[in-house]
**Student:** 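Quick one: structure below, then a few questions.
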Amino acid sequence: MNILIIGTGYVGTTTALVFAELGHQVTGLDKDVSKIELLNNGRLHFFEPGLGSLLKKHLEQNLLHFTTDQENAIKRNDIIYICVGTPRDSDGSANLSYVEQVANVIGKYRNRYKVVVTKSTVPVGTAEKVHQWIADDNPESQIPFDVVSNPEFLREGNALEDALHPDRIVIGGSSQKAINLIRSLYQNMHAPIIVTNSRAAELIKYTANSFLAMKISYINEIAKLCDKLDISIEDVAQGIRSDHRIGPHFLNAGMGYGGSCFPKDVAALLEVSKRNQVNLSILEKVVTVNEAQPFYLIQKLSEKLGSLKGKKIGVLGLAFKPGTDDVRESPAFVLIQDLLSKNVKVSVHDPVVKIADHLDSHQIVQCDSIVGAARNTDALVLSTNWEQYLKVDWLNVKRVMKTPYIFDGRNMLDAQKMKNDGFDYEGIGC
Ligand code: UGA
């Protein structure tokens, strides 16, 4: 089938590649000429494992191409996915201006029956608005169209795996014809398909992300209690993971969640609940706990080192999670900003992120190696669980440090081994 993907950001590009992988003919549309040129040349404008080779494969097989030509792209395709950004507004609500612009353009150029699908994370009622925006552009038009919600659940760093092997596919709409069409796109995928109305589909996405955020804040609070009681949070998490009602995932205590999704989506759900006079107090706490989490590490640093002024701290990891160069709402940055405000000298290492692209300070030095970032430091903080940090020769690292304090903000290192290696090791709740 012919599918148009509007917006070639992270979600749009991944969706385009997955549909091409499923054998569909896909066009990616974006206003940004530089992105389109890069993609047509087989290069991604963001870091995500596995996507690069898929991009080259489908360009070569002519299953995929990218364009800036809105009119042609819309006229030639009858299934149109909206994958543009929905950034957070100052009141926490999702900003729908990009979605509206795209809907207007679709309205302007629609020439025959189209199914318009929202893939972007959008608040309840957006599909209805999209319908209105498309219709408004040409109220006289008798050409029918349907709007369907088909939210995505992929994680950055695991995008390909998640998109090719989803736990479920959610399709929300009121037209059986449109739902059947969208369902048929996924016929080669072995995943349960949940069909509902568009409002429920939209709420499913927010509820899923908020629930996962809640699991993280919950385990982070229990981790603090573990610190007080001298119990390992890993033992506790292990003990509850095996309960199938709780499940094994999203129970890793650490510096808190970041990224472009959880903070934004929890805020948006809270905003919707307030507007509807429903008190989602549990989610308010989720946010409070998460925002405090990087400062819990600072508190641990201060307890060990006393005043932090003039100290040198090495920070390992800048991305909000491994496998991505995304630093949006990364807890590492909250930590670094606070250290800088306390006149700490900071050395950083990240396998893909360059701090100078995001923060300008003479107090920060970026190092290419972990040993470089550790040199002469009073303490190291591990803030992103990059796999390569597991393979480090820590004895070598210890030799160059002033004092062998290590604060594992992701609980990824083997605490006993680090202690045996002579480190003064602290995790979150272990
Ligand atoms: C999240 C959801 O997991 C996806 O299902 C969803 O599609 C996506 O948002 C979205 O809405 O687009 P993502 O933000 O890419 O995906 O990353 P996650 O793997 O969910 O991690 C989010 C944050 O939680 C990271 O900072 C991670 O370090 C943290 N985390 C995760 C923990 O602190 N503990 C855990 O046990 C798991």
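Whatever order the structure lists ligands and atoms in, that order sets their numbers, starting from 1. When reading the values below, keep in mind they use all heavy atoms of this one structure, side chains included, and skip hydrogens, waters and symmetry mates. For this chain, numbers begin at 1 and follow the sequence in order.
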**Student:** Does ligand 1 come near enough to Glu156 that some N or O of the ligand is less than 3.5 Å from an N or O of the residue?
**Tutor:**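 Between Glu156 and ligand 1 (N or O atoms, distance only) the closest approach is under 3.5 Å.
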
**Student:** Tell me the contacting part of Asn252 for ligand 1: side chain, backbone, both, or neither, using a 4.0 Å heavy-atom threshold, strictly below.
**Tutor:**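 Answer for Asn252: both.
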
**Student:** Please tell me whether Tyr81 and Asn150 have a donor and an acceptor in their side chains that are separated by less than 3.5 angstrom.
**Tutor:**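 There is such a pair between these side chains.
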
**Student:** Considering only NZ, NE, NH1 and NH2 on the basic side and carboxylate oxygens on the acidic side, decide whether Arg199 and Glu128 come within less than 4.0 Å.
**Tutor:**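 Judged by the 4.0 Å cut-off on N to carboxylate O distance, Arg199 and Glu128 do form a salt bridge.
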
**Student:** Considering only heavy atoms of Asp265, which atoms of ligand 1 have at least one such atom less than 4.0 Å away?
**Tutor:**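 Answer, ordered by atom number: 11 (O).
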
**Student:** Centroid-to-centroid, Tyr206 to Phe211, below 6.0 Å?
**Tutor:**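 No, too far apart.
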
**Student:** Assess whether side-chain hydrogen bond (donor to acceptor under 3.5 Å, both in side chains) is satisfied between Asp89 and Asn95, documenting all intermediate values.
**Tutor:** CA-CA 6 Å; Asp89 260 347; Asn95 180 324; 3.2 Å; yes

**Student:** At what distance is the nearest protein heavy atom to atom 5 (O) of ligand 1, and which residue and atom is it?
**Tutor:**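 Residue, atom and distance for the closest contact: Phe153 O, 2.8 Å.
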
**Student:** Measuring from the heavy atoms of Asp326, does anything fall under 4.0 Å of ligand 1?
**Tutor:**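 So Asp326 does not count as touching ligand 1.
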
**Student:** Under a 4.0 angstrom heavy-atom cut-off, which atoms of ligand 1 come close to Arg410?
**Tutor:**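 Per the distance check, 28 (O), 33 (O).
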
**Student:** Distance to 0.1 Å, residue and atom name: give those for the protein heavy atom nearest to atom 37 (C) of ligand 1.
**Tutor:**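 Protein heavy atom with the smallest distance to atom 37 (C) of ligand 1: Phe250 CD2, 3.4 Å.
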
**Student:** Within ligand 1, which atoms have a heavy atom of Phe320 less than 4.0 Å away?
**Tutor:**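 Matching atoms, with element in brackets: 14 (O), 15 (O), 17 (O), 22 (C), 25 (C), 26 (O), 28 (O).
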
**Student:** Mind listing the side-chain donor-acceptor pairs of residues 364-373 below 3.5 Å, one per line with the distance, residues two or more places apart or on another chain?
**Tutor:**
unit_1	atom_1	unit_2	atom_2	d
Gln366	OE1	Ile355	N	2.7
Gln366	NE2	Val353	O	3.1
Ser369	OG	Gly372	N	2.8

**Student:** Would you mind finding which of Leu251, Thr121, Asn411, Asn209 brings a heavy atom closest to atom 2 (C) of ligand 1?
**Tutor:**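 When every heavy atom of Leu251, Thr121, Asn411, Asn209 is considered, Asn209 comes closest to atom 2 (C) of ligand 1.
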
**Student:** Where is the nearest protein heavy atom to atom 30 (N) of ligand 1: which residue, which atom, and how far?
**Tutor:**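 For atom 30 (N) of ligand 1, the nearest protein heavy atom is Ile216 CD1, 3.4 Å.
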
**Student:** For Phe19 and His58, I'd like to know if the aromatic rings sit close, meaning centre-to-centre distance below 6.0 Å.
**Tutor:**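 Between His58 and Phe19, which both carry aromatic rings, the centre distance is not below 6.0 Å.
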
**Student:** Is there a nitrogen or oxygen of Cys261 sitting under 3.5 Å from a nitrogen or oxygen of ligand 1?
**Tutor:**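 By distance alone, the answer is no.
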
**Student:** Looking only at protein heavy atoms, which one is nearest to atom 23 (C) of ligand 1, and how far off is it?
**Tutor:**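 Ranking protein heavy atoms by distance from atom 23 (C) of ligand 1, first comes Tyr257 CB, 3.6 Å.
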
**Student:** For the residue pair Tyr296 and Asp227, confirm or rule out a side-chain donor-acceptor distance under 3.5 Å.
**Tutor:**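 Yes, a side-chain donor-acceptor pair sits under 3.5 Å.
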
**Student:** Using a 4.0 Å heavy-atom cut-off, which part of Leu154 comes near ligand 1: side chain, backbone, both, or neither?
**Tutor:**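 Looking at Leu154 and ligand 1, just backbone atoms fall under 4.0 Å.
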
**Student:** Under 3.5 Å, N or O to N or O, is Gly258 touching ligand 1 that way?
**Tutor:**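 Such a contact does occur with ligand 1.
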
**Student:** Looking at atom 1 (C) of ligand 1, what's its closest protein heavy atom, distance included?
**Tutor:**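 The protein heavy atom lying closest is Phe262 CE2, 3.4 Å.
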
**Student:** Hey, are Glu152 and Lys205 close enough for a salt bridge, meaning a charged N less than 4.0 Å from a carboxylate O?
**Tutor:**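 Answer for the salt bridge query: yes.
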
**Student:** Between Tyr98 and Pro87, is any pair of side-chain heavy atoms under 4.5 Å apart?
**Tutor:**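 Yes, their side chains come closer than 4.5 Å.
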
**Student:** Yes or no on side-chain hydrogen bond (donor to acceptor under 3.5 Å, both in side chains) for Glu234 and Gln238, after CA distance, side-chain angles and deciding distance?
**Tutor:** CA-CA 6 Å; Glu234 285 311 311; Gln238 198 50 37; over 6 Å; no

**Student:** Just let me know how Lys205 lines up against ligand 1, side chain, backbone, both or neither, with a heavy-atom cut-off below 4.0 Å.
**Tutor:**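 For Lys205, the contact with ligand 1 is made by the side chain alone.
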
**Student:** Tell me which protein heavy atom sits closest to atom 3 (O) of ligand 1, plus the residue, atom name and distance to 0.1 Å.
**Tutor:**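 That would be Arg155 CG, 3.2 Å.
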
**Student:** Give me the atom names and distance for the closest heavy-atom approach of Ala127 to Glu202.
**Tutor:**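 What the structure gives for the nearest pair is N-OE2, 2.8 Å.
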
**Student:** Which residue holds the protein heavy atom closest to atom 19 (O) of ligand 1, what is that atom called, and what is the gap in Å?
**Tutor:**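 Result for atom 19 (O) of ligand 1: Lys321 NZ, 2.8 Å.
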
